[in-house]
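See structure below.
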Amino acid sequence: MTVRRQRDGHVKGGRIVKRICAALLTGLFLLLTACQPTPEEPAIVQKESEIFLERAAQRGELELAAVPQRFTYALEDVEHGVSVAADARVHVLGDRFPIVRVRAADVTQSYVDRLCELLLPNVEMYHVDSICTKAQVEKAIQELASRRDAYAEQGQLALYERSMDKLEEEYRNAPLTHVPERSDKRLRETVSEQGAMEHRYTFLYISESGQSDARDRKLYVYNNCWQTAVRGAMLSYDDNRSGIVSDYVPETLYAVTGLDVPVADGLIMTPLEAQGHTRTLMERLGLPYDVFDVLLERYTPVTGVGGEARYGYHVRCTRRLESAGGLFASVPTSIGGSAGAGSWAYEQLHVLLNDGGVYSIIWASPLEMDAVLIDSAGLLSFSEIEKRFDRAIRQRYPSASNEGCTALSIAVTDVYLGMQRIVEKDAPENGLLVPAWGFYGTVCYTFEDGTEEIYDAVAAGDPLLVMNAVDGSVIDPKIGY
């Protein structure tokens with residue numbers, strides 16, 4: 001049997017939901033979304049918030065000691081080509097679970113200062129602009145010319161010619177010299193016009209050379225993003241002195257969380273050491289985060305760049321609430337709410353590092369706590385969650401044909417009780433952190449020609465199913481309720 005490739009997103013009607021990092025950097029949280037079945041019970045956005053909160057306050061607290069260490073389940077629906085098997089580890093991310101109102105926050109100057117002190121100490125940085133000198137463009141032309149044979153081998157000569165024409169035109173118009181402006185590493189306030197309205201935002205885009213494509217260190221911060229259906233803030237730091245950011249294509253292999261031995265050739269650091277370095281970084285930056293998991297990534301040289309594959313760790317972090325659960329769902333999709341609310345990506349923090357140190361940090365959509373509505377919410381028993389899972393998974397995957405394949409095999413490997421952000425009814429500027437169960441694993445799609453595609457929800461950080469732990473309703477992370 002042939003395996004086509006690892007599927008990197010859920011399929012519904014043939015549409016694929018892309019992974020997080022590339023989408024955040026290139027689209028400022030604008031990601032493709034997939035349709036989901038209607039939840040079996042009305043979601044919180046369709047309820048009165050007061051009723052939901054009253055239910056959470058009245059129901060007795062879940063006895064965490066009674067939660068089993070493993071979740072087992074089996075379903076074999078031969079008629080519809082669907083099988084589900086679970087022998088999953090159960091993770092409880094806290095000792096109590098509140099309900100908290102939150103809103104979008106900024107990446108403040110104090111965070112920028114701390115990051116610069118840690119990762120850019122005494123380093124002169126310059127504001128990045130798009131102006132390149134003739135010498136810089138000439139170097140780019142030479143580098144492109146050296147890759148002509150590689151383009152030809154891949155049947156991409158037309159692309160090569162278009163790229164060369166563009167560079168030659170840029171060379172003709174480029175200045176002989178250009179001196180970038182030195183930065184004081186302070187956020188800049190800018191005003192832009194959006195129709196008849198003014199939009200104020202702060203941003204910072206700096207590098208050691210003042211060029212966006214140089215092999216050096218860069219820092220990008222954008223606050224109060226105001227694009228169509230997008231809001232939030234973002235910080236991105238890259239150390240590309242080794243070329244790992246620009247000259248290699250990353251591929252997530254598998255989770256290696258907690259291992260205390262080297263896991264790849266040429267990589268001395270262990271996953272456990274990567275976790276420790278990340279926790280220290282979070283403490284020194286003053287960020288209330290902890291490690292969620294660690295993924296091993298392989299970096300393959302791009303076309304025309306020689307050398308062997310390299311390896312590094314992708315550490316996904318989760319916000320921690322004092323004496324409470326963490327934000328377990330690092331879901332790589334945007335979130336929509338009531339009409340006009342726009343899209344609000346989930347808060348995420350990713351740290352990428354190897355033996356050379358941290359080479360990338362992505363912090364997207366930071367939150368700030370507005371109010372604790374319930375200090376410790378009452379949750380359904382796990383046995384009740386198991387019953388609702390049976391109904392919900394059947395509705396989520398009713399038939400293999402719905403997914404465009406002949407057979408659908410789902411393996412649930414991990415279950416998390418943590419916090420999930422959802423839309424707050426009649427308050428699109430806010431969100432609610434609520435206790436939720438997230439079910440992770442793999443989905444194997446088998447097609448008529450015998451080939452398979454595999455989707456790994458753990459590696460993607462995109463749960464197969466999310467259920468509100470207070471009332472058992474299904475939460476669709478793609479739309480936020």
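Because the structure is a prediction, the values reported are computed rather than measured.
- Judged purely by distance below 3.5 Å, without hydrogens or angles, the side chains of Thr252 and Glu297 pair a donor atom with an acceptor atom.
- Taking 4.5 Å as the limit, every side-chain heavy atom of Phe389 sits out of range of all side-chain heavy atoms of Trp437.
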Could you go through Asp390 and Arg388, starting from their C-alpha distance and side-chain angles, then the distance that decides it, and tell me whether this counts as side chain to side chain contact (heavy atoms under 4.5 Å, CB included)?
CA-CA 5 Å; Asp390 178 67; Arg388 299 189 182 226; over 6 Å; no

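- Using a 4.5 Å heavy-atom cutoff, the side chains of Val466 and Val474 are not in contact.
- Between His277 and Leu353, the shortest heavy-atom distance links the atoms CB-CD1, 3.9 Å.
- Side chains of Val443 and Ile454 form no contact here, defined as non-hydrogen atoms less than 4.5 Å apart.
- The structure places CG of Leu380 at 12.0 Å from CD of Glu386, a figure rounded to the nearest 0.5 Å.
- Here the straight-line distance linking atom CD1 of Ile361 with atom OG of Ser236 works out to 9.0 Å at 0.5 Å rounding.
- Side chain of Gln395 to main chain of Ala392: no donor-acceptor pair is present (N/O by atom type, distance under 3.5 Å, no hydrogens or angles).
- Of all heavy-atom pairs spanning Tyr440 and Ala457, the tightest one is CD2-O, 3.5 Å.
- The closest side-chain heavy-atom distance from Cys405 to Thr446 is not below 4.5 Å.
- Nearest heavy-atom pair across Arg186 and Leu204 is O-CD1, 3.3 Å.
- Looking at Gln275 and Tyr313, their side chains never bring a donor and an acceptor atom within 3.5 Å of each other.
- Side-chain contact between Cys116 and Leu219: present, with at least one pair of heavy atoms (C-beta onward) separated by less than 4.5 Å.
- Residue Asp265 places its CG atom among 12 or fewer non-hydrogen atoms of other residues, nucleotides or ligands, all under 6.0 Å distant.
- Between the side chains of Thr202 and Asn223, a donor-acceptor pair is found at a separation under 3.5 Å.
- Within the 4.5 Å cutoff, side-chain heavy atoms of Leu285 are placed close to those of Arg114.
- Checked by atom type and distance alone, the side chain of Glu347 never pairs as donor or acceptor with a backbone atom of Ala364 at under 3.5 Å.
- In this structure, Met369 CE and Arg319 CZ are separated by 4.5 Å, a value rounded to the nearest 0.5 Å.
- At a threshold of 4.5 Å between non-hydrogen side-chain atoms, the residues Leu367 and Arg103 do not count as touching.
- In summary, the side chains of Asp106 and Thr108 do not present any donor paired with an acceptor at a separation below 3.5 Å, with no hydrogens or angles considered.
- Ser246 and Asn240 share a donor-acceptor pair across their side chains, judged by distance under 3.5 Å alone.
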Yes or no on side chain to side chain contact (heavy atoms under 4.5 Å, CB included) for Tyr416 and Phe292, after CA distance, side-chain angles and deciding distance?
CA-CA 11 Å; Tyr416 290 88; Phe292 177 63; 3.7 Å; yes

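- Side-chain contact check for Tyr455 and Glu453: no donor-acceptor pair (N or O, by modelled atom type) lies under 3.5 Å.
- A 4.5 Å side-chain heavy-atom check between Pro271 and Thr257 finds every atom pair outside the cut-off.
- Closest approach of Tyr397 and Leu464 over heavy atoms only: OH-CD2, 3.9 Å.
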Does Val261 form a side chain to side chain contact (heavy atoms under 4.5 Å, CB included) with Leu272? I'd like the steps, not just the answer.
CA-CA 8 Å; Val261 294; Leu272 194 61; over 6 Å; no

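- Environment of CD in Gln69: sparse, with no more than 12 heavy atoms of neighbouring residues, nucleotides or ligands closer than 6.0 Å.
- Residue Leu379 comes nearest to Val470 through the heavy atom pair CD2-CG2, 3.9 Å, listed as atom of the first residue, atom of the second, then distance.
- A donor-acceptor contact shorter than 3.5 Å links the side chain of Arg96 to the backbone of Asp375.
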Apply the test salt bridge (Lys or Arg N to Asp or Glu O under 4.0 Å) to residues Arg241 and Asp216: give CA-CA distance (whole Å), side-chain angles for both, the deciding distance (0.1 Å), then the verdict.
CA-CA 5 Å; Arg241 289 175 292 179; Asp216 61 6; over 6 Å; no

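- Atoms CG and OG1, from Leu281 and Thr278 in turn, are 6.5 Å apart once rounded to the nearest 0.5 Å.
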Let me see the working for Gln420 and Tyr346 under side-chain hydrogen bond (donor to acceptor under 3.5 Å, both in side chains), right down to the final yes or no.
CA-CA 9 Å; Gln420 169 74 43; Tyr346 289 105; 3.1 Å; yes

Does the side chain to side chain contact (heavy atoms under 4.5 Å, CB included) test come out yes or no for Leu115 and Tyr237, once each step is laid out?
CA-CA 9 Å; Leu115 186 145; Tyr237 165 82; 4.1 Å; yes

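- Of the charged side-chain nitrogens involved, none lies within less than 4.0 Å of a carboxylate oxygen, so that Asp113 and Lys185 do not count as a salt-bridged pair.
- Between Tyr220 and Tyr222, the two ring planes are tilted [angle within 30° to 60°].
- No side-chain donor-acceptor contact under 3.5 Å links Ser376 to the backbone of Pro98.
- The aromatic rings of Phe447 and Tyr445 lie parallel to each other, their planes meeting at an angle below 30°, with 60° marking the opposite boundary.
- Of the N and O atoms on the side chains of Asp238 and Ser360, at least one donor lies less than 3.5 Å from an acceptor on the other residue.
- For the pair Arg310 and Tyr248, the cation-pi criterion (under 6.0 Å, within 45° of the ring axis) is fulfilled.
- For the atom pair Ser212 OG and Lys218 NZ, the distance stands at 7.0 Å (nearest 0.5 Å).
- In this structure, CG in Asn354 is found 7.5 Å from OH in Tyr299, a value given to the nearest 0.5 Å.
- When atom types are taken as modelled, the side chain of Arg70 and the backbone of Asp87 share a donor-acceptor pair closer than 3.5 angstrom.
- Looking at every heavy atom in both residues, Pro477 comes nearest to Ile475 through CD-O, 3.2 Å.
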